[in-house]
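Following: one structure in structure tokens, then a few remarks.
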Amino acid sequence: MKEEYQFPLEEYMPRERFERIKRFAQDKETPCLILDLDVVRSKYEELRKNLPYGKIFYAVKANPNDAVVSLLRDLGSSFDVATRYELDQLLRLGVTTDRMSFGNTIKKERDIAYFYDKGVRLFATDSFEDVDKIARAAPKSRVFFRILTEGLGADWPLSRKFGCHPEMTKNLILHARDRGLDPYGISFHVGSQQRDIGQWSTALSTVSNIFNWAEDHGVKLKMINMGGGFPADYTDPTNPIEHYAGDILSYLKNNFTEEMPEIIIEPGRSMTGNCGVLVTEIVNIAKKSTHDLYHWVFLDIGKFGGLIETLDEAIKYPIYFEKSGPTLDIILAGPTCDSMDILYEKTPYDMPAGTKIGERAYILTTGAYTQSYSSIYFNGFPPLNAYVLE
Ligand SMILES: *Cc1c(COP(=O)(O)O)cnc(C)c1O
């Protein structure tokens, strides 16, 4: 037995809001995800206020829920679209293609043609082969070139797979121009849940170098797409958005002294992470040996139900048990018959000792990269259900 269980609920949301979500979920089967659209609205407004020079292209993949997309449509957001399926969804919801970019560098030529046919004229790229596809399937379109970043300092790095070396980017720019495309800008992603603001500085000085080189070679680039990476509130501390915005603006001013390019940002996690609360039931609480120092706590959701970002314990979700009293050190795991379905073994989590099997636990900040990651009928478990808080 240890000290009193303490969970800083109010650091994540007002208690009143938690109570509302809890009441709303009372008669719903677990696991389920409750989405509070008011939080998405205030995150959108917070980003607008802090980065007024950045045009928002919401990264749909973070949370493609129709209600979330419709709200952002009404608030005036544009959208970073990764597949023709996301494109079809946005069209169904009445988003016009002038508010979309095809941001995925990995795409089939016939999908590029599909986007072009629907009216999309803004494409990301990072290879000669992909530039050639775009030149054939989407002639004269604007293209932006994604540069490689290291993903250092990010809890969920997006490095290596995306982007190309800055030196190669220079050749790509000329190649795109020669193929009749409009070399429009440079993009990067510093890694998701990026807690080191300095990573934007490194990326922006590389971008500025490419801008200057291109101008010397007769190509005037106009846009910087700074991607995502802005944080949501998990247990590891992050700076407030004001600090990100202030530092990034000064990096921009340092690197672009004469003329500020058009700026795009593609928030995903920071827009929707905080809006979700995952309601889960405790399936079992057990020890593995008489003197086991840890209690294993099995929830009715795990890696396959939507919490895949706990891989390597990368994303550390705040988990709230309602009881008070002394605590137990726990290992948290999911309900499936796969031994990799363990959420947290190394990261210390604790639970009030009086918690009983069958009670509920609440996983906070689960509005991004959860429902869309949940598997389909592994062990027969249905995909994660989401409800919009009424
Ligand atoms: C996933 C993704 C984003 C969103 O990143 P977050 O860190 O969730 O904000 C933005 N841009 C691109 C190209 C992406 O693939």
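All ligand and atom numbering here is 1-based and tracks the order in the structure. Just so you know, these numbers use all the heavy atoms, side chains as well, and skip hydrogens, waters and symmetry mates. Worth saying up front: this structure is predicted, and the values here are computed from it rather than measured. FYI, the numbering just counts along the sequence from 1.
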Requested in this report: Please verify whether a non-hydrogen atom of Pro267 lies at under 4.0 Å from ligand 1.
Outcome: yes
**Report entry** Atom indices of ligand 1 within 4.0 angstrom of Arg146 heavy atoms, with elements
**Finding:** 13 (C)
Query - Carboxylate-amine/guanidinium proximity below 4.0 Å for Glu322 and Lys22 - result: yes
Report task. Kindly indicate, with the supporting measurements, whether the criterion side chain to side chain contact (heavy atoms under 4.5 Å, CB included) is fulfilled by Tyr244 and Asn239. Result -> CA-CA 7 Å; Tyr244 283 79; Asn239 272 286; 3.7 Å; yes
**Report entry** More than 12 heavy atoms of other groups within 6.0 Å of Tyr294 OH
**Finding:** no
Report task. Report yes if some N/O of Glu266 lies less than 3.5 Å from some N/O of ligand 1; otherwise report no. Result -> yes
Report task. Please confirm whether Gly229 comes within less than 3.5 Å of ligand 1 when only nitrogen or oxygen atoms on both sides are compared. Result -> yes
Query raised in the report: Just heavy atoms, cut-off under 4.0 Å: does Tyr369 contact ligand 1 by side chain, backbone, both, or neither?
Result: side chain
Query raised in the report: What's the shortest distance from atom 5 (O) of ligand 1 to any protein heavy atom, and which residue and atom give it?
Result: His189 NE2, 2.8 Å
Requested in this report: State whether the shortest distance between N or O atoms of Ser270 and N or O atoms of ligand 1 falls below 3.5 angstrom.
Outcome: no
Requested in this report: Examine the proximity of ligand 1 to Lys61 and report which part, side chain or backbone, both or neither, has a heavy atom under 4.0 Å away.
Outcome: side chain
Requested in this report: Report yes or no: do Asp88 and Tyr114 form a side-chain donor-acceptor pair below 3.5 Å?
Outcome: yes
Query - Over 12 non-hydrogen atoms of neighbours within 6.0 angstrom of NZ in Lys140 - result: no
Report task. Report yes or no: do Thr105 and Arg146 form a side-chain donor-acceptor pair below 3.5 Å? Result -> no
Query raised in the report: For the ring pair Phe211 and Phe256, is the centre-to-centre distance below 6.0 Å?
Result: yes
Query raised in the report: Mind checking whether Gly268 has an N or O less than 3.5 Å away from an N or O of ligand 1?
Result: yes
Query raised in the report: Where on Gln194 is there a heavy atom closer than 4.0 Å to ligand 1, on the side chain, on the backbone, on both, or on neither?
Result: neither
Requested in this report: Scan side-chain atoms only and decide if His175 and Asp132 contain a donor-acceptor pair under the 3.5 Å cut-off.
Outcome: yes
Report task. Just need the protein heavy atom nearest to atom 7 (O) of ligand 1, so name the residue and atom and give the distance. Result -> Ser192 OG, 2.5 Å
Requested in this report: Answer yes or no for Lys288 and Trp296: cation-pi contact, defined as NZ/CZ to six-membered ring centre under 6.0 Å and angle to ring axis within 45°.
Outcome: yes
Query raised in the report: Where on Asn104 is there a heavy atom closer than 4.0 Å to ligand 1, on the side chain, on the backbone, on both, or on neither?
Result: neither
Report summary line: In short, Ile285 meets Thr355 closest at the heavy-atom pair CD1-O, 3.4 Å
Report summary line: Note: Ala59, heavy atoms under 4.0 Å from ligand 1, region reported as side chain
Query raised in the report: Are any of the N or O atoms of Gln193 closer than 3.5 Å to those of ligand 1?
Result: no
Report task. Under 4.0 Å from a heavy atom of Arg269: give me the atoms of ligand 1 that qualify, with their elements. Result -> 6 (P), 8 (O), 9 (O)
